[in-house]
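Sharing a structure here in structure tokens format.
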Amino acid sequence: MNGLDLAFLARAQNADGGWGYGAGESSTVEATAAVVLALARHNPAAAVRQRGLAWLAAAQHADGGWGLARDDPESGWTTAWGVLALMRTDAARVSEAGYAAAVQRGVAWLMAVKALRVVDDRLQNEMRQKLAVDPTLSGWPWRPGEATWIEPTALAMLALSAAETTAAAAARLDEASRYLQDRRCRGGGWNFGNPVMLGGDLPPRSHPTAWALLALQRVSPQAIRDADLQILRDEMHRDGGALALAWGLLALAAVGNDDPAAAERLRAMQRSDGSWNANPYHTAIAALTRPAAVAARGHLPIGSRLLTPDT
Amino acid sequence: MTKPTFRLSRRTFLRLAAFAGLGVAAAAYERVARRIGYVNYLRWLVRGQTQRLTGRPAVVALGQCPTYGDDVSGVLRELWRSAAMPDVAGKRVLVKPNLIDVIEGHPTTTAAPVLAAVLDLLQELGAGEVVVGDGPGFRREAWPAVEAAGWAAELARRKIRFVDLNYDDPRPVPIRDGWFANQKTIWLPRHVREAELIVSVPKLKTHHWAGVSLSLKNLFGIVPGARYGWPKNMLHINSLPLSILGLYQLVRPMAAVVDGIVGMEGDGPLFGPAVSHGLLAVGADPVAVDATCTQLMGLPVERVGYLWLAGWAGVGQIERIETRGESRERLFKQYEAPPAGLT
């Protein structure tokens, strides 16, 4: 990996300042936030990054949340991406100049969003029996009012833990941590939501396992088991896609591990134009796995050891 | 997740309606249609009755193809011809196979030889732009699953692109016919919005919540995860039957080619065992195709919530179906029902 990835990202920026999931495709919050975070790590002063931040700020809704894209009127799971991208999580925990208020409004949305909670005793018992979960524990949903899932929970935990230090946030993070541990698959790792369906074990998957590990490392690292890490290694190689490898490497690095074979597989997938799959989102996540330039220290894209300032 | 709650069978409803008139209609409204509103309930009721009395029979062509090593293309070509399928010449066609997830030892995805046969047929028939797309509910990146399912080589050989519908420039589309309560739009991928025909090519499977996973349940893969998440929980919150038929209303015209050469029974759509069935089914009315396949699996159509509702609301045929090709008797195979049973 090399600076070609950053050059690709600069070329792939849309005229409106954001990035899409493919070069030339409409700007989305997730892709733009990921690119902004990658640039924060490698080239924080870049003009393209500043324009990306401005696009994100403009895409925020009046309720403090973000949707899929600037013209999506409904706030959802990408709110955590917006918070992470606008937040400069250095030691002082201050947001990017001019975006402090936007971050706080995003945090408020994350704290307030409601998820589907089962309160009926009969249904709770059914969930315990059929899904092997504690239905009283809740995380975050993809969209307001829906059930909670591993990835949006972990993403919100990362944003909240980096941005908010109130007692209410601590309580929410504690419950979310217990939620993640409750949803762990038998033998380690995570599926997308429940560990069991109708009495049968669901298999762990690379992507949610990586997300859960990143969040637990930040909030309750003692909860991470060796089996989770082994599952992640196995699953990221079994999947073999750029995204699975990149997120897997980020999660392993967060807990002080690495996987040279996975890193080599990921490097080999880089295209001659510097991208992974001609996709700004994939390219940004892959770029986050390589060491930061010295000048970029102090910028923490996501709460993990790999991305901690070298101080 | 909420299980569908459509427990009143069509037959029961009709019998009760004949005896008790408006009182039963009100009861049915309470049990069946509370989510959709009184106006939609009446509109669908009238449309369903009209279809039942005056609708033209749907045509479903059935073929036997014992293994994937047999002449899948030849059987499919004959079925397509006899099923009175729509003209595809010059049209932008989205082929939507089932890529939900690849799980070793379980036939979860549409088999590569069936996908290849569909692509060859569309090219023979002069289709314009043909792309293959899906947005798997359990894969953040679809391409590794495309390779694992054996599709990548078939696509490369034919120079046909695969589009990950989870990220394909989603834009809002107005809902039609009232199937998504409390929503005015659904965000759909570009290749779905721009397709002039969608050919759903599902794997024949049981499904633990929907009863069966066939050409209409396969439409869940057109909903972009980038907006709705992985899996697409909104569709379950809205209720599976309403979501399945609501998506169908958005993508018409649509055709169905069902891969039942090897099906899945029991704990579908991911963990059930394989069933060697030897079935291919083709039709331009996906409701009729799914109803026919459900019967060929030995499962009662009236206990599959979305099929019963489709017939009741008049969005497709579940009764007046003309089958052509191989006989139903030769293609019948009793499947084990999903573990939660049928609704």
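Quantities reported herein were computed from a predicted structural model and do not represent experimental measurements. In what follows, chains carry the letters A, B, and so on, assigned in the order in which the sequence lines appear, proteins first and then strands, with residues in each chain numbered from 1. Quick note: numbers below take in every heavy atom, side chains included, and nothing from hydrogens, waters or symmetry partners.
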Discussion item. Between B/Arg140 and A/Glu30, does any NZ, NE, NH1 or NH2 come within less than 4.0 Å of an OD or OE carboxylate oxygen?
Written reply: yes

Item to complete: State the CD-CD distance between A/Glu74 and B/Gln183, to the nearest 0.5 angstrom.
Response: 6.5 Å

Worksheet item: For A/Ala244, is it the side chain, the backbone, both, or neither that has a heavy atom closer than 4.5 Å to a heavy atom of chain B?
Response: backbone

Worksheet item: CZ of A/Arg143 to CE of B/Met234: how many Å apart, nearest 0.5 Å?
Response: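 A/Arg143 atom CZ to B/Met234 atom CE measures 6.0 Å (nearest 0.5 Å).
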
Worksheet item: Less than 4.5 Å apart, any side-chain heavy atom of A/Asn277 and any of B/Trp143?
Response: no

Worksheet item: Do A/Arg205 and B/Phe138 have side chains that get closer than 4.5 Å, going by heavy atoms?
Response: no

Item to complete: To the nearest 0.5 angstrom, please state how far the CD atom of B/Glu141 sits from the CG atom of A/Asn279.
Response: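 Answer for the CD-CG pair, B/Glu141 versus A/Asn279, is 8.0 Å.
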
Worksheet item: Mind checking whether B/Trp230 and A/Trp142 have ring centres under 6.0 Å apart?
Response: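 Yes, ring centres under 6.0 Å apart.
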
Worksheet, complete the sentence: Applying a strict 4.5 Å limit to non-hydrogen atoms, the region of A/Glu146 in contact with chain B is both

Worksheet item: Measuring heavy-atom distances to chain A, does B/Asp164 have an atom under 4.5 Å in its side chain, in its backbone, in both, or in neither?
Response: neither

Discussion item. With a sphere of 6.0 Å drawn around CG of B/Asn182, does it hold more than 12 non-hydrogen atoms of other residues, nucleotides or ligands?
Written reply: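 Open: at most 12 neighbouring heavy atoms sit under 6.0 Å from CG of B/Asn182.
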
Discussion item. Working to the nearest 0.5 angstrom, can you tell me the gap between A/Trp77 CH2 and B/Arg227 CZ?
Written reply: 11.5 Å

Worksheet item: Quick one: does A/Leu68's side chain get under 4.5 Å of B/Pro170's, heavy atoms only?
Response: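 Yes, their side chains come closer than 4.5 Å.
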
Worksheet item: Based on non-hydrogen pairs under 4.5 Å, which of B/Asp168, B/Val102, B/Asp169, B/Ile103 is most in contact with chain A?
Response: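 Greatest number of close heavy-atom pairs with chain A: B/Asp169.
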
Discussion item. Using heavy-atom distances under 4.5 Å, tell me whether B/Pro172 contacts chain A through its side chain, its backbone, both, or neither.
Written reply: neither

Discussion item. Can you confirm whether A/Arg186 is buried at CZ, in the sense that more than 12 heavy atoms of other residues, nucleotides or ligands lie under 6.0 Å from that atom?
Written reply: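 No - once you tally the heavy atoms of other residues, nucleotides and ligands closer than 6.0 Å, there are 12 at most.
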
Discussion item. Can you tell me how far apart CG (B/Asn233) and CZ (A/Phe192) are? Round to the nearest 0.5 Å.
Written reply: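 Taking CG in B/Asn233 and CZ in A/Phe192, the distance rounds to 13.0 Å.
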
Fill in: Euclidean distance, B/His236 NE2 relative to A/Leu116 CG, rounded to 0.5 Å
12.5 Å

Worksheet entry | Shortest non-hydrogen separation from B/Pro144 to A/Gly241 and the atoms involved | CG-CA, 3.4 Å

Worksheet entry | Student check: side-chain heavy atoms of A/Asp71 and B/Arg171 closer than 4.5 Å |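 Side-chain contact under 4.5 Å: yes.
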
Worksheet item: Given a strict heavy-atom distance threshold of 4.5 Å, which part of B/Phe271 is in contact with chain A: side chain, backbone, both, or neither?
Response: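 Contact with chain A is through the side chain of B/Phe271 alone.
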
Worksheet entry | Per-residue contact mode, A/Asp72 against chain B (heavy atom under 4.5 angstrom) | both

Worksheet item: Are A/Glu25 and B/Arg190 within salt-bridge range, i.e. N to O under 4.0 Å?
Response: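 No, A/Glu25 and B/Arg190 are not salt-bridged.
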
